[in-house]
Amino acid sequence: MPKIVMPMSALAVSKLKAVGWHAVGGVSGLNLQIREPQNKSSDGPMPKSWVLRTHIGSKRVPLGLGSYPQISLAEAREAAKRMSDAIRQG
């Protein structure tokens, strides 16, 4: 049984800083991935991207939805819903 995550607000998503995968709720499998900067000596922002982690057949597949903040939380949820529906329909 998958873990149900309470939907995060856009403000809560903007405050995420820890490196890793962060389930944001609203759509099953929607995550914000935060990575270390490629140039660790710079104090620039950490790269963040939206990823839908889903199953296609028997394989778990990460599907990129775009980078944050260019893609908002609402846009990422809508895109994830459309992609999930398309996967279910084949």
Side-chain angles (χ1 to χ4, degrees):
M1 188 85 178
K3 183 167 70 168
I4 304 298
V5 178
M6 292 297 296
M8 294 177 110
S9 68
L11 180 61
V13 168
S14 70
K15 291 182 179 183
L16 292 173
K17 304 286 183 222
V19 172
W21 296 84
H22 303 276
V24 296
V27 176
S28 180
L30 179 60
N31 290 273
L32 181 66
Q33 181 187 20
I34 302 176
R35 298 180 308 278
E36 288 286 340
Q38 295 223 350
N39 185 0
K40 294 188 182 196
S41 64
S42 72
D43 289 334
M46 301 179 92
K48 299 177 183 181
S49 56
W50 296 109
V51 179
L52 176 63
R53 296 170 83 181
T54 187
H55 285 87
I56 298 179
S58 62
K59 293 186 178 186
R60 187 176 199 183
V61 181
L63 302 171
L65 301 175
S67 61
Y68 175 83
Q70 286 79 18
I71 304 292
S72 70
L73 174 60
E75 292 169 329
R77 283 184 175 145
E78 184 61 35
K81 285 178 190 175
R82 283 194 312 267
M83 226 178 243
S84 294
D85 291 342
I87 290 168
R88 269 189 235 109
Q89 292 176 359

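Closest approach of V19 and E36 over heavy atoms only: CG2-OE2, 3.3 Å. Heavy-atom minimum distance, S84 versus L52: OG-CD2, 3.8 Å.
At a threshold of 4.5 Å between side-chain heavy atoms, the hydrophobic network of Ile, Leu, Val, Met, Phe, Trp and Tyr places M83 and V27 in one connected group. In the hydrophobic clustering of ILVMFWY residues, with side-chain heavy atoms under 4.5 Å counting as a link, M46 and L16 come out together. Connection of V51 to V13 is not established within any shared hydrophobic cluster, with ILVMFWY side chains joined at heavy-atom distances below 4.5 Å, either directly or through further cluster members. Follow the hydrophobic side-chain contacts under 4.5 Å out from V61 and you reach I87 in the same cluster.
Among residues at least two apart or in separate chains, side chain to side chain donor-acceptor pair (under 3.5 Å) pairs with a member in residues 46-55 are R35-S49.
Note that NE2 of H22 and CD1 of I34 are 3.5 Å apart. Values are rounded to the nearest 0.5 Å.
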Review item, side-chain donor-acceptor pairs of residues 66-80, under 3.5 Å, at least two apart:
residue, atom, partner, partner atom, Å
S67, OG, Q70, OE1, 2.8
S72, OG, E75, N, 3.2
S72, OG, E75, OE1, 3.3
E75, OE1, S72, N, 2.9
R77, NE, G25, O, 3.1
R77, NH2, M8, O, 2.9
R77, NH2, V24, O, 3.1
R77, NH2, G25, O, 3.4

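In this structure, S14 contributes its side chain and L11 its backbone to a donor-acceptor pair below 3.5 Å.
Take R88 and apply the side-chain hydrogen bond (donor to acceptor under 3.5 Å, both in side chains) test, not counting sequence neighbours, and it matches D85.
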